[in-house]
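Let me begin by presenting the structure, written as structure tokens, before commenting on it.
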Number of protein chains: 4
Amino acid sequence: MVRETVLKAEKRQAGTELKDKIFKAAQRLFVEKGYHSTSIPDIVKEAGVSTGAIYHHYSSKEELAREIHKTAVQQFLANFNEQVRTQKSTYAKIRAYTSLMFRWTEQDPVMVQYLLYGRPKEILVRNLTVCSEEGLQATREMVEQGMEAGEIKTMNPCLASAIISGTLMRMIELRLDGLIEHPLEEFIEAAANNIWLALKA
Amino acid sequence: MVRETVLKAEKRQAGTELKDKIFKAAQRLFVEKGYHSTSIPDIVKEAGVSTGAIYHHYSSKEELAREIHKTAVQQFLANFNEQVRTQKSTYAKIRAYTSLMFRWTEQDPVMVQYLLYGRPKEILVRNLTVCSEEGLQATREMVEQGMEAGEIKTMNPCLASAIISGTLMRMIELRLDGLIEHPLEEFIEAAANNIWLALKA
Amino acid sequence: MVRETVLKAEKRQAGTELKDKIFKAAQRLFVEKGYHSTSIPDIVKEAGVSTGAIYHHYSSKEELAREIHKTAVQQFLANFNEQVRTQKSTYAKIRAYTSLMFRWTEQDPVMVQYLLYGRPKEILVRNLTVCSEEGLQATREMVEQGMEAGEIKTMNPCLASAIISGTLMRMIELRLDGLIEHPLEEFIEAAANNIWLALKA
Amino acid sequence: MVRETVLKAEKRQAGTELKDKIFKAAQRLFVEKGYHSTSIPDIVKEAGVSTGAIYHHYSSKEELAREIHKTAVQQFLANFNEQVRTQKSTYAKIRAYTSLMFRWTEQDPVMVQYLLYGRPKEILVRNLTVCSEEGLQATREMVEQGMEAGEIKTMNPCLASAIISGTLMRMIELRLDGLIEHPLEEFIEAAANNIWLALKA
DNA sequence: AATGAATGAGTGTTCATTCAT
DNA sequence: GATGAATGAACACTCATTCAT
């Protein structure tokens, strides 16, 4: 049975107390209202700091957004490496991936929402959700190894990845939007199993 | 075999020529640069009309965006009703849905991109992709009828919908981002079949 | 005797009434408080226009300053060409140049002040007063022709120019600063004569 | 023959090392970029000191600028008193003044530039170059004594002063702007002689 | 003496919207 | 219908200055 490991959280050290308040307030607001609709004055109010403090710690609004995104991606990758990559079988990996994402959504919806929507698309040029390049790469690696091992049937790896990450993302989206009323943990088993049916050799 | 029907296009009457120029310029820009990064002066330049003309035809920038969105949803629904709903079996419906979305993406990527990213999230409050409420509703109806008919196994309908729309959306996303280099038409068969494996009774 | 010609003034056509109000208010303030100490809100107040109006007519504060400078230089050159260049003898030219600058100072001190202090130095990189490159060029041409004609003794042309423009500028400066209390017109004769003593062959 | 005395330099006591670093960094930057375009952070970087240190030694940015200006004026006066005032004849004085200013320009262009351009105009309200009031006073004194002694012809003292300081300042300006390519020392003789021709009885 | 995090008023600029023509 | 000059609130960002350490 898959160990339900504790999720990796905040790596950023405390000490810089203000910096943290700014980070969290901005993250909350960016998710809630979007990057462009969140003004610096909004963050000032939400974080209870001065305008100058924000620019003391971050060189621009954009850098602040990038920093938040980077943190989200790093957390995702740390969790993925620890809980998913370490699994032996491909099925176990898919199960662990589903578990990771669903539990994370329940535990820190703001962070996951940032991963999904607060994506750099709005800010930068490229976009790619669920953890951008790195997230995509992680899923593909899983798929390709599964194919090599003969556990997943031969198919276009993009399609296989899309079935996995598309399904998970869509479930999370429906949950965050309140269209799924039960905690996602209840769906881990079913989601993983059905994805597996689509992929297994 | 599934008939590859022609896609429903522009329903909006030619009527006022200027209004059309504004609509199309705005749509292009909203997709390209995002709603917030597109200014009225941008649209003025792109469409080659005056500021006043925009406000003559649309009461605000937001209404313009909403209008574009509404059109996209209407086109989606028209196509869905004609090509998907009319299918007999659930498998045929899934196959037709996949075909519709993949072919549409190749044919009018701007419009599909608008459906996926230019979503009201940025503009309004609620979001819900692939055609918002209506799109979701369409997929769910398909799933629920399939379950009643015993073609789809008993499962949470949200999960079933997520597998379908999540996979399709993710494929489209990868294609629009240039990570899939072949036309999506090549994947219709495989995508539909694999989705079916996850759902069939 | 030297004809005391009328000074060339405002070439800029009316019509764009607001643009003119902005131009004049900015010119007044730039001279009075300097470019950097004059804020856009200052100009807004002084000109009685809106912020937007300024940016509708000038692309930036810097461009506004450049426009004012350009106008001053053009007026200078127009007057110089008409009143100084047309003189036959070098002495007559020096006399006319002195007359031009002293009368102009009395008539439009703001403009002359702008020529002297409001120079691009503060704004741009290069500086060179009394009409920048063009003004310098004009004086040098006068000097070199005088030397060729044997009217001015052989000497470094920069030195000769410096004697002319340095003396005139310094007189104007003292007048604008209130250290000379009589109108400069009273000094035309004496200034021109003494400069001439320093230069004549 | 006029003795080419050594120029009086830094009178300010070494005292606090940091204060000196701040002074010099600020002077360099004020000349290079102008007072307003030089920020405290700029000085912090250039001097390699902390913000606090600047405010420990100077009560404000303005006071720092004033201090630098005062030092320049003091150096000018010290040099003037020693090298110019001590001369017997008015011609010798003019010769010595020219020599002082031209050699100083070559030796410490930053300081001289500060005297010419970094003038308080930008900072305070009044301006008056070449050493402000004191500098003007020094030149006038020279002129008035020369007239009393019958060495300079009777003329308006302001005009006489303007011929001297205007010519010197303009030469320095042309040199600092790179329009005179030879060291100013080469022009001492000629400049003094020609100024003298304009003034002598 | 020295530091540098924190402040917040102020800057130049943008832009959705209005309205006289 | 159509124009584009005009508006002014709002924005991201800067920077002289303060003050706890």
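Residue numbering restarts at 1 for every chain, and letters A, B, ... go by the order of the sequence lines.
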* To do: To the nearest Å, give me how far apart NE2 (D:H36) and C1' (F:dA16) are.
  => 12 Å
* Between B:S60 and C:S39, which has a closest nucleotide on DNA chain E that is more 5'? -> C:S39
* How many angstroms lie between atom CD of B:E67 and atom OG of B:S60, to the nearest 0.5 angstrom? -> 10.5 Å
* Could you list where the contact with chain B starts and ends along DNA chain E, reading 5' to 3', using a 4.0 Å heavy-atom cut-off? => E:dC15 to E:dT18
* What's the verdict on side-chain contact (heavy atoms from CB on, under 4.5 Å) for C:K19 and C:Y58, showing C-alpha distance, side-chain angles and the deciding distance? -> CA-CA 9 Å; C:K19 191 167 184 178; C:Y58 300 95; 3.4 Å; yes
* Asked: Looking for any heavy atom pair under 4.0 Å, which part of the strands does A:T38 touch: base, sugar-phosphate only, or nothing?
  -> sugar-phosphate
* Structure fact -> Heavy atoms of D:K21 and D:A47 approach each other most closely as CE-O, 3.2 Å
* To do: Pull out every residue in residues 40-53 of chain A that has a heavy atom closer than 4.0 Å to any atom of DNA chain E, ordered by number, or say none.
  => A:S50, A:T51, A:G52, A:A53
* Asked: How long is the line joining CD1 of D:I54 and P of F:dC15, in whole Å?
  -> 13 Å
* Structure fact -> Dot-bracket for DNA chain E, 5' to 3', Watson-Crick and G-U pairs with both distances under 3.5 Å, [ ] for crossing pairs, | for partner on another strand, reads .||||||||||||||||||||
* Asked: What class does the angle between the rings of C:H69 and C:Y114 fall in, given that below 30° is parallel, 30 to 60° is tilted and above 60° is perpendicular?
  -> tilted
* To do: Output yes when A:R66 and A:E62 qualify as a salt bridge under the 4.0 Å nitrogen-oxygen rule, no when they do not.
  => yes
* **Rounded distance [0.5 Å steps], CD in D:Q113 versus CD in D:Q27** => 10.5 Å
* Structure fact -> When every non-hydrogen atom of B:S59 is compared with those of B:E63, the smallest separation belongs to N-OE1, 2.8 Å
* Asked: Do the side chain of B:K61 and the main chain of B:Y35 share a donor and acceptor less than 3.5 angstrom apart?
  -> yes
* Member of C:V31, C:I43, C:L64 meeting the side-chain contact (heavy atoms from CB on, under 4.5 Å) criterion with C:T38 -> C:I43
* Asked: Could you walk me through whether D:H57 and D:F23 pass the side-chain contact (heavy atoms from CB on, under 4.5 Å) check?
  -> CA-CA 10 Å; D:H57 291 290; D:F23 183 97; over 6 Å; no
* Whole-Å distance between F:dA16 C1' and D:H56 NE2? -> 18 Å
* Euclidean distance, A:I22 CD1 relative to A:H56 NE2, rounded to 0.5 Å -> 9.5 Å
* Could you tell me the separation between the NZ atom of B:K21 and the C1' atom of F:dA2, rounded to a whole number of Å? => 12 Å
* Tell me which of D:H57 and C:K61 sits closer to the 5' end of DNA chain E, going by the nucleotide each one is nearest to. => D:H57
